[in-house]
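A short worksheet on the structure shown next.
Here is how names work: the chains are called A, B, and so on, in the same order as the sequence lines, proteins then strands, and each is numbered from 1. Heavy atoms only: backbone and side chains are in, while hydrogens, waters and symmetry mates are out. All of these numbers come straight from a predicted model, not from anything done at the bench.
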There are 2 protein chains.
Amino acid sequence: MPQKTYNSAKSKPLPNRLALYQIVMQRIMQQLASGQLKPGQYLPSEWDLARQWQVSQGTIRKGLNELVLRGLLQRQQGIGTLVTHKNWDWGDYPLVPSPSQSKLSPMVNWPVVEILSVTAESADAETAQQLQLRLAESVWKIVALWRNGYQVVALDEAFLPMAILPELNIHFVHRRGSFYGFLLQQYQMVLNGVQQCLWMQYLNKDQQKLLKHSESEACVCWGRLSTNENGALVEWRRRFLCFGHIALQLEGMHAEV
Amino acid sequence: MPQKTYNSAKSKPLPNRLALYQIVMQRIMQQLASGQLKPGQYLPSEWDLARQWQVSQGTIRKGLNELVLRGLLQRQQGIGTLVTHKNWDWGDYPLVPSPSQSKLSPMVNWPVVEILSVTAESADAETAQQLQLRLAESVWKIVALWRNGYQVVALDEAFLPMAILPELNIHFVHRRGSFYGFLLQQYQMVLNGVQQCLWMQYLNKDQQKLLKHSESEACVCWGRLSTNENGALVEWRRRFLCFGHIALQLEGMHAEV
DNA sequence: CAGTGGTCTAGACCACTCG
DNA sequence: GAGTGGTCTAGACCACTGG
C-alpha cells in the first residue's frame, strides 16, 4: 500500500493549475477583500489553517510568507500572524517628513484617494507600449487624486486594457474605497507589480491645475506596470508626485534576514 | 539509536548563531565578493551544494531564494542558478529611457561610479538621527559621482559611523570598483537596506556644481538606510538624482509568483 | 507551561530544458 | 532520459511570547 506522500494535483492533473501555496494566498486575499479579515486582526495559527484546508503546515507557511513579502501580513514569533494596515491602491509606501527637515517626530501618514473619473479611451503610444497593445486599442483610464489632509500629494493615471476587463462598472469603482480590492472581489484578480520606474516630466495644463504645480518645473513621476496572476499585463499606472516637505518612504525593500 | 533529524546547532548551541541558510548566503556572497563567482556564471546544483556543505537541499534552496530576492542570483527551472549582472553600489536599479519619450528601444544602462572623497566628519542633525548617533559623533563621509556615459546622473553622499568601521582604509576604498564589495571583503559585512525614502530638496553650491544643476529647481533625493547582519545601523546614503530623458527602473519590487 | 512562528531534514513527485 | 529547479509532505526541534 503506497503511503501518503506528494499529492500534487489534489485530483486535478492540469499543467496550468495553481500551486497549493498560491491557492492559500488567494483564499487569504479573498478574505481580505471581502472584509472577513480586517487590518490588525490575527489569523488562525499555521497548524490550524493546515488542518482546515488539508495541506501541510509548510505549504501554509510558504503562502503566508509570500503575503508577508507583499506587505499584506506580518508575523511575530511566539504571537501569530496578523493583517497589516495597508493601503493597496497607494502601493505600500507611507509619507513621512523629509529627512532634510527632520526635527519633527517621525509621523507616518497615509494619504486618502478620490477617484475623479473612469473613462474609455484609446491607448496612446506610451500606454500601448507599456501594456503591449496596438496603438489606439481601447483602454480604461482612471484618474485619481491623493490627499494628505488638505494637501494634494499625488495624481494617478491608471490605464487598463478593456479586453481584459470588459464589463468594468464605473459606478462600482466610484463607490469603492480600494480599486484593487474592487478588482479582487469583482474579477478575482490580484495585481502583481512587475516593473516600476521613476523619472521627471513636465505636466500638461490639466495635471498642473489638479496638482497646483508650476508650469516651469518638472514633476516627479512614478510608473508602475502590473500583471494578474496569469502574467497578463493589466495596468500601467503613472503617479505624479508633489513633495512638499514630505518624503515617500519606500521601506521593506528586501526581506529581513 | 536516535535517527538523524534536526541538528540545529551543528555543535554550536549559541542563541545568536546564524541560521544555516544564512551561512549559505554568506558563503555565496563571499564567493561573489572574492570574484570566485562572476556575473553570468552558473552555481553548482542545489543537491551538489547540499552534499558539499553538508546541509539539506531545502536549506540550500532557502538561502539561494533569499539571494534571488536580493537580486544577486536568478534561477531558471530545468537549467540552473546563475549570478546576475548587478551593480551593488548603485542599488540594483538600472537606467532606462523615460516612458514619456519611449520611441527608443528599451536600452538598459548601468551607470559607472567615481569616488570623489572619503573624509572623517562629525554627524550633522540629519545623519545623527538616521544612524541614531549623538550629534557631532564621528562618521565617515564618502562622496561619489555616477555617470552614464559622459552624462552625470547622480551624486551620492554616504555616512558611516566610525565606531563600526574604525580602520577604514581610504586608499583601499578608492582602488575598489565596488564599495559594498570592499565592505564584504574587508569587514565580512553585508549591508541590508532597511528603509528607503524619496523626497525633493534644494542643493547646496557644491552639489549644484557637481551635478550641473540649476539653483532654482529642487532635486530628487533618494535616501537609503542600511544595517549589517546584526541589525546595527551602518550607512545612511543620500542620492541626488539628475534625470534627463532617463528613468530609474525599480524592477522586481516583489517576488514573482 | 502551552502555543506560536522559525529552522531543518529526508524523501517524494512534478515541470521544465536540453542533448 | 538525465538533470535542474519547484512543490509538497511529515516530522522534528528551536526560540520567542504570553499567561
Measuring from the side chain of [X] (C-beta onward, heavy atoms only), which nucleotide among [options] has the closest atom?
X: B:Thr59; options: C:dT9, D:dT9, D:dT4; result: C:dT9
X: A:Ser45; options: C:dT4, D:dG5, D:dT9; result: C:dT4
X: A:Tyr21; options: D:dT7, D:dT4, C:dC8; result: D:dT7
X: B:Arg61; options: C:dT9, D:dC8, D:dG6; result: D:dG6
X: B:Glu46; options: D:dG6, C:dC8, D:dT7; result: D:dG6
X: B:Thr81; options: D:dG5, C:dT7, D:dC8; result: D:dG5
X: A:Ala19; options: D:dC8, D:dT9, C:dT7; result: D:dC8

Check your understanding: Is it true that B:Asp156 and B:Arg237 have a side-chain N and a carboxylate O under 4.0 angstrom from each other?
Key ->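 Looking at B:Arg237 together with B:Asp156, the answer is yes, because their closest N to O distance falls below 4.0 Å.
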
Check your understanding: Are the charged groups of B:Glu66 and B:Lys62 less than 4.0 angstrom apart, N to O?
Key ->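 Not counted as a salt bridge, because no side-chain N and carboxylate O are separated by less than 4.0 Å.
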
Rounded to the Å, how far apart are [X] [atom1] and [N] [atom2]?
X: B:Ile60; N: D:dT4; atom1: CD1; atom2: P; answer: 14 Å
X: B:Asp48; N: D:dT4; atom1: CG; atom2: P; answer: 6 Å
X: A:Met25; N: D:dG6; atom1: CE; atom2: C1'; answer: 15 Å
X: B:Leu82; N: C:dT17; atom1: CG; atom2: P; answer: 14 Å
X: A:Glu66; N: D:dT7; atom1: CD; atom2: P; answer: 8 Å
X: A:Lys62; N: C:dC8; atom1: NZ; atom2: P; answer: 17 Å
X: B:Tyr42; N: D:dG3; atom1: OH; atom2: P; answer: 18 Å

Practice item. Please work out the stems of DNA chain D from pairs that are Watson-Crick or G-U wobble with both distances under 3.5 Å, keeping only runs of three or more consecutive pairs. Key: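 Detected stem regions: C:1-18 with D:1-18.
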
Check your understanding: Near DNA chain C, under 4.0 Å by heavy atom, which residues of residues 72-79 of chain A?
Key ->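 Close to the strand are A:Arg75, A:Gln76, A:Gln77, A:Gly78, A:Ile79.
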
Check your understanding: Can you list every side-chain hydrogen bond (donor to acceptor under 3.5 Å, both in side chains) pair that touches residues 29-43 of chain A, not counting sequence neighbours?
Key ->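 Non-adjacent pairs meeting side-chain hydrogen bond (donor to acceptor under 3.5 Å, both in side chains): A:Tyr42-A:Gln76.
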
Practice item. Name all pairs fulfilling the salt bridge (charged side-chain N to carboxylate O under 4.0 Å, His left out) condition that reach into residues 71-80 of chain A, sequence neighbours left out, sorted by first residue then second. Key: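 Every pair satisfying salt bridge (charged side-chain N to carboxylate O under 4.0 Å, His left out) with a residue in residues 71-80 of chain A: A:Glu46-A:Arg75.
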
Point to revise | Main-chain N/O of A:Thr127 paired with A:Gln130 side-chain donor or acceptor, under 3.5 Å | key: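 No, because the side chain of A:Gln130 does not come within donor-acceptor range (under 3.5 Å) of the backbone of A:Thr127.
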
Point to revise | Given A:Glu126, A:Gln129, A:Arg224, the one that forms side-chain contact (heavy atoms from CB on, under 4.5 Å) with A:Trp236 | key: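 Output: one option passes, namely A:Glu126.
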
Exercise for review: Please list, chain by chain and in numerical order, all residues satisfying salt bridge (charged side-chain N to carboxylate O under 4.0 Å, His left out) with B:Arg27, sequence neighbours excluded.
Suggested key: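 Listed in chain order: nothing, the list is empty.
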
Check your understanding: B:Leu131 and B:Pro161: which non-hydrogen atoms are nearest, and at how many Å?
Key ->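 Residues B:Leu131 and B:Pro161, closest heavy atoms: CD1-CD, 4.0 Å.
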
Point to revise | Results of side-chain contact (heavy atoms from CB on, under 4.5 Å) for A:Ser45 - residues two or more places apart only | key: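 Partners of A:Ser45 under the side-chain contact (heavy atoms from CB on, under 4.5 Å) test: A:Trp47, A:Asp48.
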
Exercise for review: Return the 5'-most residue of the pair A:Trp47, B:Gln57 with respect to DNA chain D, ranking by each residue's nearest nucleotide.
Suggested key: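 Counting from the 5' end, the first nearest nucleotide belongs to B:Gln57.
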
